[in-house]
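Worth saying up front: this structure is predicted, and the values here are computed from it rather than measured. Every chain is numbered from 1, with letters handed out A, B, ... down the list of sequences.
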Protein chains: 2
Amino acid sequence: MKIDPDHPSGLSAQIADAIRDAIVSGRLIVDERLPSEAELAEQFDVSRPTVREALKRLAAQSLIRTQRGATGGAFVNRLSYQDAYPQAITTATLLLSMNDVAFETACEARFALERACAPLAVERRTPDQLATMRAEIFRQGQPGLTDEAFCASDVAFHRALVDAAGNPVLSYALAGAVEAMQPLMNMITFTARSRERIGALHTALADAVEAGDAPGALAELDAIETYTKELARAVLDARAQARQER
Amino acid sequence: MKIDPDHPSGLSAQIADAIRDAIVSGRLIVDERLPSEAELAEQFDVSRPTVREALKRLAAQSLIRTQRGATGGAFVNRLSYQDAYPQAITTATLLLSMNDVAFETACEARFALERACAPLAVERRTPDQLATMRAEIFRQGQPGLTDEAFCASDVAFHRALVDAAGNPVLSYALAGAVEAMQPLMNMITFTARSRERIGALHTALADAVEAGDAPGALAELDAIETYTKELARAVLDARAQARQER
DNA sequence: AGACTTTTAAATGTCTGACAAATGAAAATC
DNA sequence: GATTTTCATTTGTCAGACATTTAAAAGTCT
C-alpha cells in the first residue's frame with residue numbers, strides 16, 4: 001500500500017481509499033481486525049491522528065466499527081440494511097432538497113418504483129403485511145391526527161406495500177426515494193378532504209392486493225399518483241397566485 | 001449545541017451528528033462556511049483533532065468540502081448526483097456481497113426497476129440515447145471482447161435505457177442496483193452463445209423503444225430477465241455438480 | 001495614481017508526545 | 001479451584017507546534 005504525500009486529496013483520504021478498496025475487493029473480510037492505529041501509522045508512514053481521520057471516514061460509511069480495550073481495534077463491519085438505510089435516506093433527502101428536483105419528478109419516480117413492486121406484492125404479500133396496510137389506513141382515518149403523523153402513516157403504508165414484494169433489494173432501492181420525499185409530501189397533504197380521498201384510494205389498493213388483482217393494484221397506484229400530482233399542482237398554483245398578489 | 005462527554009458513541013460522532021442535522025434540516029445552507037476548526041473546538045469544548053475527526057466523517061459523506069488558505073475552511077457541499085453515485089454503488093455492492101443475496105433476488109429487483117423505467121423511456125428517449133443503445137449492441141457483437149468489457153457494455157446499454165426515462169431520481173435509484181450486480185453478472189456471462197442471444201434480445205428491446213412500443217419493450221425485458229435467470233441457474237447447477245464430484 | 005511585488009495573517013494539514021479510559025488476559029490471592 | 005488484582009494493549013482525547021496554502025493587505029516602483 002503506497003501513499004503519495006503530495007497528493008492534493010490529503011493523506012487521510014488516500015489511506016481511507018486504500019482500506020476501502022481492500023474491503024470492497026474482499027482482501028479484508030467481515031469481522032477481520034485491522035492493524036492497530038499505531039501499526040497503520042507505521043505502515044503508511046504517517047502519524048496516528050492522520051490514521052484516525054482515515055478510520056473515522058470509514059466509520060462514517062459503516063464500513064468499520066471500533067472497539068476499545070485490550071483486544072479492541074477496528075473491525076470490518078458486516079454492512080446491514082439497517083446501517084445502510086439512514087445513510088441512503090440522508091443522501092436522498094439532500095439530493096432532492098439541494099438540487100431543486102421538481103415535485104413531479106420525484107413523484108413520478110416514486111410511483112414508477114412502486115408499480116414495479118406491485119405485481120410481486122400481490123403475489124407474495126403475507127397476512128401480516130396486509131394487516132399492516134389496513135392498520136395504517138385505519139390510523140389515517142382517525143380525526144385529530146397531525147399532518148406529520150398522517151404523512152408518516154402514509155409512508156408506512158407504502159413501505160408495507162413495498163416490503164410485501166419480499167425483495168430486500170427492491171425495498172432498499174425504494175426506501176431512499178420514498179422517505180426522502182416525505183418533506184415534500186408534508187407540504188401538500190394538509191386538507192381534510194384529501195385525507196378522505198387518500199383513505200379511499202388506499203383501501204381500494206389494499207383490496208386489490210388482498211384479492212390478488214395485479215392489474216387492479218396498478219390501476220389504483222396510477223390513481224393515487226394522479227391525485228397526488230393534482231393536489232401538488234393546486235397547492236403550487238395557489239402559492240404562485242399568492243406571491244403575485246403580494 | 002450540546003455534547004455529552006460520556007456518551008458511548010464518542011465525541012467526534014456526536015459533533016458530526018450535530019452538524020449533519022444542521023445541514024439536513026436546512027439550518028446550514030449550501031456553500032455556507034462553517035466556523036473554523038479552532039472555533040468549533042471552542043464551541044463544543046473539545047480539542048481540534050476531535051473536531052477534525054468529526055469533519056472528516058462529514059467529508060466522507062460529501063456533506064462538506066474543505067479549502068485551505070486564508071479564506072478557507074469547511075463549506076456545506078451541494079450534494080450532486082456525481083458525488084452520491086460512487087457512495088451508493090459502494091454501499092450497494094457491499095450489501096449484496098456481504099449478505100449473501102441470492103442472484104435471483106438481485107436479478108428480479110433489477111428488472112422490476114427497469115420495467116418501471118421502460119414506459120417512460122419509450123415515450124421520452126432522445127435520438128442520442130437510442131444511438132447509445134445501438135452503439136453498445138454493436139460493441140457487444142465484436143469478437144475478441146473480454147468478458148469484463150462485455151459486461152461493462154451490458155451495463156452501459158441498460159443505463160442508457162434507464163437514463164432515457166429522463167428522470168434523475170429513477171436513474172439514481174437504479175444505478176446502485178445495476179452497478180452492484182455487475183460482479184455477479186460477470187460470473188455468468190462467459191459463453192459465446194449467450195452473447196449472440198443477448199445481442200438479439202437487446203436489438204429487439206431497442207427496436208421496441210424506437211418504435212414507441214411500450215408493451216413490446218416490457219415483453220423484451222421479461223425475456224431478458226428470464227434468459228438471464230436461466231443462464232444463472234445453469235451456471236450454478238454446473239458448479240454444484242462439480243463440487244459434488246470433487 | 002495605478003500596476004506589480006512583497007508581506008502577512010488566517011486557515012487547514014500534519015506531527016509529536018502525552019494521558020485517560022476501557023477491556024480482556026494473566027498473575028496473584030484466598 | 002474460584003475470585004480478585006494487576007497489567008498490558010488499544011482506542012479516545014488533549015495540548016502544542018510547525019508546515020503549507022491562500023487571499024488580502026501593505027508596500028514599492030513606474
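Rounded to an integer number of Å, the gap from B:Q67 CD to D:dT20 C1' is 14 Å. Atom-to-atom, CD of A:E37 to P of C:dA21 comes out at 18 Å; the value is rounded to the nearest Å. Atom CG of A:D45 is separated from atom C1' of C:dT14 by 12 Å (rounded to the nearest Å). Rounded to an integer number of Å, the gap from CZ of A:F44 to P of C:dC15 is 13 Å. The CG-P distance, from B:L11 to C:dC19, rounds to 20 Å in whole Å. Here the P atom of nucleotide C:dA21 and the NE2 atom of B:H7 are 18 Å apart, to the nearest Å. Going from atom CZ of B:R65 over to atom C1' of C:dT12 covers 15 Å, rounded to whole Å.
In terms of position along DNA chain C, the nucleotide closest to A:S47 lies nearer the 5' end than the nucleotide closest to the other residue of the pair A:A70 and A:S47.
Between A:T50 and C:dC15 there is a side-chain N or O to OP1 or OP2 distance below 4.0 Å. Distances shown here put every side-chain N or O of A:T66 at or beyond 4.0 Å from the OP1 or OP2 atom of D:dT10.
Both the sub-6.0 Å distance and the 45° axial angle are not jointly satisfied by A:R110 relative to the ring of A:F103.
The aromatic rings of B:F111 and B:H158 sit perpendicular to each other, their planes meeting at more than 60°, with 30° as the lower class boundary.
Residue side chain A:R68 does not reach the base of C:dG24 through any donor-acceptor N/O pair under 3.5 Å, judged by distance alone.
Checking C:dC15, D:dT10, C:dT12 against every side-chain atom of B:R48, the shortest atom distance belongs to C:dT12.
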